[in-house]
Undergrad: 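Quick one: the structure is below, questions incoming.
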Amino acid sequence: VQLQASGGGLVQPGGSLTLSCEFSGLTWASDSIGWFRQAPGKEREGVSLFRPGDGNPRYASAVRGRFTLSRDRTKSTLTLQMNDLKVEDTAVYYCAARRGRMALSAALDAAHYDYWGQGTQVTVSS
């Protein structure tokens with residue numbers, strides 16, 4: 001399994017960024033694939049993901065309504081559109097995956113994920 005994240009950068013509060021994840025060795029039908037982030041001094045946390053069988057993505061409450069996760073079913077690509085970015089969104093963002101589907105209460109827990117990309121820095125600052 002390989003995951004490659006791209007698209008981070010520096011943006012002002014209220015701005016937008018798009019992150020992309022290209023992967024291999026995973027399938028939408030059997031694997032949970034999503035984005036996590038880790039801010040300085042904080043635990044890694046789930047942002048958004050697709051679980052096997054989900055028609056729609058799941059979001060952490062901190063980003064719901066501002067971030068949109070999409071996928072290209074014909075390609076191994078996951079895209080996170082981030083709008084109305086806030087200073088507190090500053091973090092290293094990781095694309096990650098695990099085999100199988102978990103209950104939603106656990107699906108955004110980074111401890112359950114086995115495969116990780118290299119991370120991309122997102123900095124929101126004026």
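Positions are given from 1, in the same order as the sequence printed here.
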Undergrad: Whether the side chain of Gln118 engages the backbone of Ala5 through a donor-acceptor N/O pair (distance < 3.5 Å, no angle test) should be reported.
TA: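 Pair found, side chain donor or acceptor close to backbone of Ala5.
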
Undergrad: Give me the one residue out of Thr18, Val122, Asp89 that meets side-chain contact (heavy atoms from CB on, under 4.5 Å) with Met82.
TA: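 Of all the options given, the one that passes is Val122.
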
Undergrad: Check whether the side chains of Arg98 and Tyr113 place a donor and an acceptor atom closer than 3.5 Å, and report yes or no.
TA: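 Tyr113 and Arg98 do not have a side-chain donor-acceptor pair below 3.5 Å.
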
Undergrad: Where the side chain of Tyr59 meets the backbone of Leu69, is there a donor-acceptor pair that is under 3.5 Å apart?
TA: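 Here the side-chain-to-backbone pair exists.
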
Undergrad: Is the closest side-chain donor-acceptor distance between Gln12 and Ser126 under 3.5 Å?
TA: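 No, because no side-chain N or O of Gln12 sits under 3.5 Å from a partner of the opposite role on Ser126.
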
Undergrad: For atom CD of Glu88, is the number of surrounding heavy atoms from other residues, nucleotides or ligands below 6.0 Å larger than 12?
TA: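 Result for CD/Glu88: enclosed.
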
Undergrad: Going from CZ on Phe67 to CG on Leu17, what distance comes out if it is rounded to the nearest 0.5 angstrom?
TA: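 With rounding to 0.5 Å, CZ (Phe67) is 9.0 Å from CG (Leu17).
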
Undergrad: For a 4.5 angstrom cut-off between non-hydrogen side-chain atoms, does Asp114 reach Arg99?
TA: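 SC-SC contact between Asp114 and Arg99 ruled out.
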
Undergrad: On the 0 to 90° scale, with breaks at 30° and 60°, tag the Trp28-Phe23 ring pair as parallel, tilted or perpendicular.
TA: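 Answer is perpendicular, since the angle exceeds 60°.
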
Undergrad: What distance separates Leu26 CG from Ile33 CD1, expressed to the nearest 0.5 Å?
TA: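 Rounded to the nearest 0.5 Å, the CG-CD1 separation comes out at 4.5 Å.
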
Undergrad: Do Val92 and Leu108 share a hydrophobic cluster (ILVMFWY, side-chain heavy atoms under 4.5 Å, transitive)?
TA: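 The answer is yes; both residues are in one hydrophobic cluster.
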
Undergrad: Checking Gln121 against Thr123: is there a side-chain donor and acceptor pair closer than 3.5 Å?
TA: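 Gln121 and Thr123 do have a side-chain donor-acceptor pair below 3.5 Å.
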
Undergrad: For the residue pair Ser48 and Leu80, what are the closest heavy atoms and their distance?
TA: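 So the minimum-distance heavy-atom pair works out to CB-CD1, 4.4 Å.
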
Undergrad: Donor-acceptor pair, distance only, cut-off 3.5 Å: does the side chain of Ser32 make one with the backbone of Ala97?
TA: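 Checked: no pair found.
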
Undergrad: Is any side-chain heavy atom of Leu10 closer than 4.5 Å to a side-chain heavy atom of Ser125?
TA: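 In short, these two side chains touch, coming nearer than 4.5 Å.
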
Undergrad: Testing the basics here: between Arg51 and Met102, what is the closest heavy-atom pair and its distance to 0.1 Å?
TA: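 That closest heavy-atom pairing would be NH1-O, 2.7 Å.
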
Undergrad: Locate the shortest heavy-atom distance separating Gly46 from Phe36; write the atom from each residue and the value.
TA: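 The pair with the smallest heavy-atom distance is CA-CD2, 3.3 Å.
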
Undergrad: Same cluster or not: are Val63 and Trp35 linked, directly or through other Ile, Leu, Val, Met, Phe, Trp or Tyr residues, by side-chain heavy atoms under 4.5 angstrom apart?
TA: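 Yes; tracing contacts between hydrophobic side chains, which count when under 4.5 Å, links both residues.
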
Undergrad: Closest approach of Cys21 and Leu3, non-hydrogen atoms and distance?
TA: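 Minimum heavy-atom separation between Cys21 and Leu3: SG-CD2, 3.9 Å.
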
Undergrad: Under 6.0 Å from the CD atom of Glu22, do we count more than 12 heavy atoms belonging to anything else shown?
TA: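 Atom CD in Glu22 is not crowded, with 12 or fewer foreign heavy atoms closer than 6.0 Å.
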
Undergrad: What's the separation between atom CG in Asp72 and atom OG1 in Thr79, rounded to the nearest 0.5 Å?
TA: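 Going from CG on Asp72 over to OG1 on Thr79, the span is 8.0 Å.
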
Undergrad: When you group the ILVMFWY residues by side-chain heavy-atom contacts below 4.5 Å and let the links chain together, are Val47 and Leu78 in the same group?
TA: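 The answer is yes; both residues are in one hydrophobic cluster.
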
Undergrad: Would you say the side-chain atoms of Thr90 pair up with the backbone N or O of Val124, donor to acceptor, closer than 3.5 Å?
TA: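 Checking the backbone N and O of Val124 against the side chain of Thr90, a donor-acceptor pair under 3.5 Å is found.
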
Undergrad: What's the shortest heavy-atom distance between Gly8 and Leu19, and which atoms?
TA: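 Result for this residue pair: N-CD2, 3.6 Å.
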
Undergrad: Can you tell me how far apart CD (Glu45) and CD (Gln38) are? Round to the nearest 0.5 Å.
TA: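 Answer for the CD-CD pair, Glu45 versus Gln38, is 9.5 Å.
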
Undergrad: Which atom names give the shortest non-hydrogen contact between Asp54 and Arg101, and what distance separates them?
TA: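 Looking at all heavy atoms of both residues, the shortest contact is OD1-NH1, 3.0 Å.
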
Undergrad: OG1 of Thr120 to CD of Gln4: how many Å apart, nearest 0.5 Å?
TA: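 One finds 9.5 Å between OG1 of Thr120 and CD of Gln4.
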
